[in-house]
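Data block below; observations after.
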Amino acid sequence: MTLTAPPATEPRPGEHLRGTLRQRHLGMLALGGVIGSGLFVGSGAGIAAAGPGIVLSFAAAGVLTVLVMRMMAEMAAAHPSSGSFSEHAERAFGAWAGFTIGWLYWLTLVVVLALESTAAAVIVHGWLPAVPQWLMVLLFMSVFTAVNLTDVRNFGEFEFWFALVKVAAIVAFLVVGVLAIAGVLPGGDTGALDGDLLPHGWAGVAAGLTTAVPAFGGLEVVTIAAAESDDPARATGRAVRAAVWRIAVFYLGSMAVVVSLLPWSDPQVGAGPFAAVLDHVGVPAAGQVMRVVVLLALLSALNANTYAAARMAFSLARRRQAPALLARLGRTGVPRAAVLASAAFGFVGVVLNLLWPRTVFLHLLDAVGTVLLLVWILVACSQLRLRRRLPADSPVRMWGHPYLSWTALAAMVALLGLMLVDPGTRIQLISTAVLASVVLAAALIRGRRATAAAEQ
């Protein structure tokens with residue numbers, strides 16, 4: 001018996017998301033999604049694991065990301081929706097798939113909201129120790145909740161300028177790094193690459209891959225936001241195509257600069273590779289400069305994740321997989337109840353982080369740690385299933401279908417295997433599997449009840 005959900009609620013006149021995001025908003029949203037705190041700070045753990053081989057790790061992760069985004073864009077261009085991959089999974093496999101991946105993604109975002117707002121507050125508290133950390137968390141959460149309660153163009157404008165600053169920071173870093181390597185600036189004659197380029201062998205490259213892939217999380221927000229653009233199909237394609245060269249330049253270029261100028265085993269690299277390079281070449285107050293950049297990256301992610309969580313909750317409600325209240329729109333076409341509900345759970349996460357950071361909140365982080373990879377796997381499965389149903393004249397088509405789609409899927413399954421054998425990531429994978437099993441069970445129970453009610 002096929003488990004189906006009740007039909008989605010039909011929007012009443014005036015209850016549609018507004019198409020007020022422009023191409024420049026989506027383009028910079030894609031760019032901002034590429035550049036985050038995972039690159040500025042988290043890449044240090046990857047360098048420690050892979051050494052100079054981290055460039056290969058990020059290259060492989062970048063290729064995988066581009067393939068997944070292309071598959072996601074193909075489906076989004078044909079069927080733009082605020083639920084994005086959740087709705088595509090439902091079309092491909094049924095209500096259980098859309099319910100499961102939608103709720104898992106939403107839970108991930110609201111937990112990450114707590115992490116990002118707390119991390120941003122820690123940075124500001126270091127500058128203003130007299131201001132309580134909890135007050136800064138409250139301020140950040142309140143500001144970006146308010147932004148997301150207004151017209152979606154305000155969200156787009158915030159992300160546009162956040163992304164612009166991050167791009168400027170990366171470009172400046174690359175220029176400084178290239179000048180140092182060329183001998184124009186001090187610090188380029190360290191002999192950082194004189195040793196083994198793969199100190200931990202290919203196993204180290206594989207370990208670096210488990211760090212590199214999560215750093216690309218956030219790009220999927222582009223396909224969610226496409227539903228509120230003035231030309232969803234073309235805007236999605238342009239944004240994803242532009243992400244290809246940006247990944248190559250920003251990620252691979254910055255990693256190459258780091259391992260060319262500093263020994264990969266330097267403890268400062270593990271703590272913060274960008275700050276370590278700037279300090280090495282003599283940039284004044286390098287640590288403070290990078291703290292400002294990381295703060296902006298965290299605030300950008302806080303804004304984008306509030307938006308994405310609200311739109312996913314809205315989509316689930318429209319498909320009767322979440323409380324109907326979350327499907328209501330304000331006069332400006334914004335799902336205000338969904339924004340407030342997502343922010344409320346974000347505040348709950350903040351309280352858990354402040355009270356039990358090493359117990360309750362750490363378990364939550366472990367549980368959502370590999371949800372992104374599950375989302376990507378289901379994207380590949382959905383695209384392979386739906387390809388025959390998509391319009392042949394769609395403005396975005398997956399390259400080398402079905403071979404590259406199967407290749408990406410196989411690579412992600414292999415990555416799950418790597419995470420399972422790595423003690424550092426095994427607990428995350430197991431915790432995510434438990435959480436996914438609970439949500440899937442809820443989806444199946446819900447589906448059976450809906451089918452039984454329909455047969456009565």
Side-chain angles (χ1 to χ4, degrees), residues 3-12 15-17 72 75-76 79-113 145 148-149 152 155 220-228 232 304-330 333-346 348-349 367-368 371-372 374-376 378-379 381-382 386 432 435-451 453:
L3 299 180
T4 58
T9 56
E10 290 296 325
R12 294 176 298 191
E15 289 196 345
H16 296 273
L17 295 173
M72 201 178 294
M75 294 183 289
H79 301 289
S81 60
S82 58
S84 185
F85 46 83
S86 174
E87 294 195 33
H88 304 150
E90 183 164 334
R91 286 190 181 92
F93 300 106
W96 67 269
F99 179 98
T100 302
I101 207 64
W103 277 111
L104 282 174
Y105 186 70
W106 184 85
L107 286 169
T108 298
L109 292 182
V110 296
V111 170
V112 171
L113 285 179
T145 299
N148 279 274
L149 286 172
V152 70
F155 157 77
E220 65 278 352
V221 178
V222 177
T223 59
I224 295 175
E228 294 181 80
N305 288 339
T306 301
Y307 169 85
R311 293 325 186 261
M312 186 58 70
F314 167 79
S315 173
L316 289 167
R318 275 288 166 86
R319 288 175 279 151
R320 296 187 178 180
Q321 296 174 353
L325 174 65
L326 303 181
R328 294 182 182 177
L329 296 177
V334 171
R336 293 184 174 178
V339 172
L340 291 173
S342 300
F345 277 88
V348 170
V368 302
V371 166
L372 174 66
L374 293 183
V375 168
W376 285 10
L378 198 53
V379 164
C381 293
S382 300
L386 292 176
T432 299
L435 177 62
S437 299
V438 171
V439 178
L440 177 59
L444 295 176
I445 292 171
R446 174 187 167 280
R448 289 195 177 94
R449 288 178 177 176
T451 301

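From a predicted model like this one, the values you see are computed outputs, not experimental measurements. If you read the sequence from its start, that first residue is 1, and numbering goes on from there.
Thr100 OG1 to Leu444 CG: the interatomic distance, rounded to the nearest 0.5 Å, is 6.5 Å.
With a 4.5 Å cut-off on side-chain heavy atoms, Leu386 and Arg91 count as touching. At least one side-chain heavy atom of Ile224 sits less than 4.5 Å from a side-chain heavy atom of Tyr105. When side chains are defined from C-beta on, Leu378 does not count as touching Phe85, because their heavy atoms never get closer than 4.5 Å. Between Glu87 and Ser315, the closest side-chain pair of non-hydrogen atoms falls below 4.5 Å.
Under the side chain to side chain contact (heavy atoms under 4.5 Å, CB included) criterion, Ala367 pairs with Ser431, Leu435, sequence neighbours left out. Thr108 is linked by a side chain to side chain contact (heavy atoms under 4.5 Å, CB included) to Val112, Val368, Val371, counting only residues two or more places apart in sequence or in another chain.
Remark: side-chain polar atoms of Arg328 are not paired, donor with acceptor, to backbone N or O of Ala324 under 3.5 angstrom. Without hydrogens or angle criteria, His79 side chain to Met75 main chain gives no donor-acceptor distance under 3.5 Å.
The only option from Phe314, Phe99, Phe345 that meets the ring-ring contact (aromatic ring centres under 6.0 Å, His included) definition with Trp106 turns out to be Phe345.
Of all non-hydrogen atoms in Ala313 and Ala338, the two that sit nearest each other are CB-CB, 4.1 Å.
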| request: Begin from the C-alpha positions of Arg319 and Ser86 and carry the test side chain to side chain donor-acceptor pair (under 3.5 Å) through to its verdict. | output: CA-CA 11 Å; Arg319 288 175 279 151; Ser86 174; 2.9 Å; yes
